[in-house]
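See structure below.
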Amino acid sequence: MEQNLLPKHIGIIMDGNGRWAKLKGLSRTAGHKMGAKTFRKIVQYCNKLGIGYLTVYAFSTENWKRPQEEIRAIIELLREYLIDAPNHVDENVQTKFIGNLSCFDDDIQQMIADCEKTSEHFSGLHLNIAINYGGRDEIIQAVKSLYQDIQNHQVRYEDIDEKLFSDYLYTKNQPDIDLIIRPSGEYRLSNFLIWQSAYAEYVFMNNILWPDFNEKCLDRALEEYAKRNRRFGGI
């Protein structure tokens with residue numbers, strides 16, 4: 001596919017790990033482990049294709065309602081990913097974690113900071129990993145920060161516009177989402193990048209669960225995106 005037809009920023013809702021495991025008679029933890037392998041594979045492929053930005057929905061603010069055993073398994077997968085991150089610096093992927101990170105253990109928060117610091121000048125794919133993330137929560141936090149800056153006379157009320165407000169979001173200085181992909185047969189946004197996806201194109205895949213998502217699935221989504229006529233409110 002020609003480079004000018006590719007989206008600058010892709011969002012992926014990595015959905016279906018638990019259902020994949022159930023279909024195979026495995027534990028939900030096994031599904032999340034396989035989903036983590038798929039995530040690594042798709043990140044590498046997006047980097048190879050020359051995609052500028054990729055945001056993946058890994059753990060939402062609502063996911064804390066799940067069984068504690070499953071939550072612990074997901075957090076342990078995050079820890080393993082962070083421990084392994086230094087082994088992949090040659091991939092040149094700039095990694096950023098978005099969401100409320102304060103709830104995670106100190107060692108995870110430190111490894112996140114180290115991972116972001118190590119990769120901040122990398123020039124390949126810009127990867128956002130959304131953990132303990134919610135689109136509404138992000139907007140509320142942005143409003144609070146903006147209000148504080150107004151109170152401190154750092155921002156004038158009359159200067160507030162969409163560009164300024166975007167600077168208070170986790171994705172500051174990044175382009176809005178062009179394409180959101182969701183496998184697993186669900187047809188909703190699930191509180192993911194509400195502001196940034198205002199003009200995003202959506203590709204829902206009802207016959208694939210995230211652990212089975214592969215490079216060909218991404219190619220199909222990109223081909224569908226290339227066919228879309230994006231008018232942004234115009235004719």
Side-chain angles (χ1 to χ4, degrees), residues 11-21 26-44 46-47 53-122 124-145 148 168-174 190-194 196 210-211:
I12 300 181
I13 301 174
M14 302 186 296
D15 194 18
N17 293 334
R19 277 167 282 173
W20 180 89
L26 302 172
S27 67
R28 291 181 64 86
T29 297
H32 290 301
K33 287 182 177 179
M34 185 58 68
K37 292 181 180 178
T38 298
F39 155 72
R40 169 65 73 183
K41 178 173 58 181
I42 294 303
V43 167
Q44 292 172 343
C46 284
N47 195 29
Y53 297 83
L54 171 66
T55 301
V56 296
Y57 207 3
F59 190 82
S60 76
T61 49
E62 291 76 34
N63 286 155
W64 295 105
K65 302 172 185 176
R66 295 187 176 189
Q68 286 301 306
E69 180 181 357
E70 182 175 352
I71 292 172
R72 284 194 295 269
I74 293 171
I75 292 175
E76 190 55 36
L77 283 171
L78 171 61
R79 182 178 279 110
E80 291 174 6
Y81 172 81
L82 290 165
I83 291 172
D84 185 52
N87 297 321
H88 297 273
V89 293
D90 60 323
E91 295 176 9
N92 197 33
V93 173
Q94 183 182 117
T95 305
K96 179 180 176 64
F97 292 81
I98 63 174
N100 182 357
L101 309 179
S102 63
C103 62
F104 295 106
D105 292 342
D106 290 344
D107 69 314
I108 288 181
Q109 292 189 51
Q110 184 59 56
M111 284 190 288
I112 285 174
D114 292 343
C115 181
E116 291 182 336
K117 181 66 176 176
T118 298
S119 67
E120 64 180 347
H121 297 300
F122 289 175
L125 173 71
H126 291 69
L127 170 65
N128 300 317
I129 301 176
I131 52 174
N132 194 28
Y133 172 88
R136 289 180 173 179
D137 181 69
E138 179 183 24
I139 291 172
I140 289 172
Q141 296 308 315
V143 169
K144 288 180 178 179
S145 296
Q148 190 67 51
Y168 286 84
L169 300 174
Y170 295 127
T171 52
K172 177 182 178 180
N173 295 328
Q174 297 185 10
S190 295
N191 204 15
F192 180 53
L193 299 173
I194 295 172
Q196 299 89 334
W210 176 247

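Nothing here was measured: the structure is a model prediction, and the numbers come from that model.
- Under the 3.5 Å distance criterion, the side-chain polar atoms of Glu116 are matched with a main-chain donor or acceptor of Phe97.
- Note on ring orientation: taking the six-membered ring where Trp is involved, the planes of Tyr133 and Tyr57 are perpendicular (angle over 60°, cut-offs 30° and 60°).
- With rounding to the nearest 0.5 Å, the separation of CD in Gln94 from SG in Cys115 is 10.5 Å.
- With contacts defined as side-chain heavy-atom distances shorter than 4.5 Å, the pair Gln196/Leu169 qualifies.
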Problem set entry | Working for side chain to side chain contact (heavy atoms under 4.5 Å, CB included), residues Arg28 and Asn17 | CA-CA 7 Å; Arg28 291 181 64 86; Asn17 293 334; over 6 Å; no

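- Taking CD1 of Ile12 as the reference point, atom CD1 of Ile42 lies at 6.0 Å (rounded to 0.5 Å).
- Atom NZ of Lys41 has more than 12 neighbouring heavy atoms from other residues, nucleotides or ligands inside a 6.0 Å radius.
- The main-chain N or O of Asn63 is found under 3.5 Å from a side-chain atom of Ser60 such that the two form a donor-acceptor pair.
- Taking all atoms of both residues into account, the shortest heavy-atom contact from Leu125 to Asn47 is N-OD1, 3.0 Å.
- For the pair Asn92 (side chain) and Phe122 (backbone), a donor-acceptor distance under 3.5 Å is absent.
- Residues Thr55 and Phe192 approach most closely at O-CZ, 3.7 Å, considering heavy atoms.
- In this structure, the side chain of Asp84 does not engage the main chain of Tyr81 through any donor-acceptor pair within 3.5 Å.
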For this session: Begin with the C-alpha distance, continue with both residues' side-chain angles, and end with the deciding distance and a verdict on side chain to side chain contact (heavy atoms under 4.5 Å, CB included) for Arg79 and Leu82.
Result: CA-CA 5 Å; Arg79 182 178 279 110; Leu82 290 165; 5.7 Å; no

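- Between the side chain of Asp105 and the backbone N or O of Asp107 there is no donor-acceptor pair closer than 3.5 Å.
- Evaluation of the salt bridge (Lys or Arg N to Asp or Glu O under 4.0 Å) test over residues 58-69, restricted to residues two or more places apart or in two chains, returns Arg66-Glu70.
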Problem set entry | Full working for side chain to side chain contact (heavy atoms under 4.5 Å, CB included) between Met111 and Ile83 | CA-CA 7 Å; Met111 284 190 288; Ile83 291 172; 3.7 Å; yes

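- Legend: salt bridge (Lys or Arg N to Asp or Glu O under 4.0 Å) pairs involving residues 88-102, not counting sequence neighbours, sorted by first then second residue: Arg40-Glu91.
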Problem set entry | Worked check of side chain to side chain contact (heavy atoms under 4.5 Å, CB included) between Ile112 and Leu101 | CA-CA 9 Å; Ile112 285 174; Leu101 309 179; 3.9 Å; yes

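- Rounded to the nearest 0.5 angstrom, His32 NE2 and Leu77 CG are separated by 8.0 Å.
- The distance from atom CZ of Phe39 to atom CE of Met34, rounded to the nearest 0.5 Å, is 15.5 Å.
- For the atom pair Trp210 CH2 and Thr38 OG1, the distance stands at 6.0 Å (nearest 0.5 Å).
- For the pair Asn191 (side chain) and Gly134 (backbone), a donor-acceptor distance under 3.5 Å is absent.
- In this structure, CD1 in Ile131 is found 9.5 Å from CD1 in Ile98, a value given to the nearest 0.5 Å.
- Ser119 places a side-chain N or O within 3.5 Å of a backbone atom of Thr95 that can act as its donor or acceptor partner.
- No side-chain heavy atom of Asn128 sits under 4.5 Å from any side-chain heavy atom of Val56.
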For this session: Let me see the working for Asn100 and Glu138 under side-chain hydrogen bond (donor to acceptor under 3.5 Å, both in side chains), right down to the final yes or no.
Result: CA-CA 9 Å; Asn100 182 357; Glu138 179 183 24; over 6 Å; no

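- Nearest heavy-atom pair, Tyr53 versus Asn173, reported as atom, atom and distance to 0.1 Å: OH-O, 4.3 Å.
- The backbone N or O of Pro211 sits nowhere less than 3.5 Å from a side-chain atom of Trp20 that would complete a donor-acceptor pair.
- Within the 4.5 Å cutoff, the side chain of Leu54 has no heavy atoms near those of the His126 side chain.
- No side-chain donor from either of Gln110 and Asp106 sits under 3.5 Å from a side-chain acceptor of the other.
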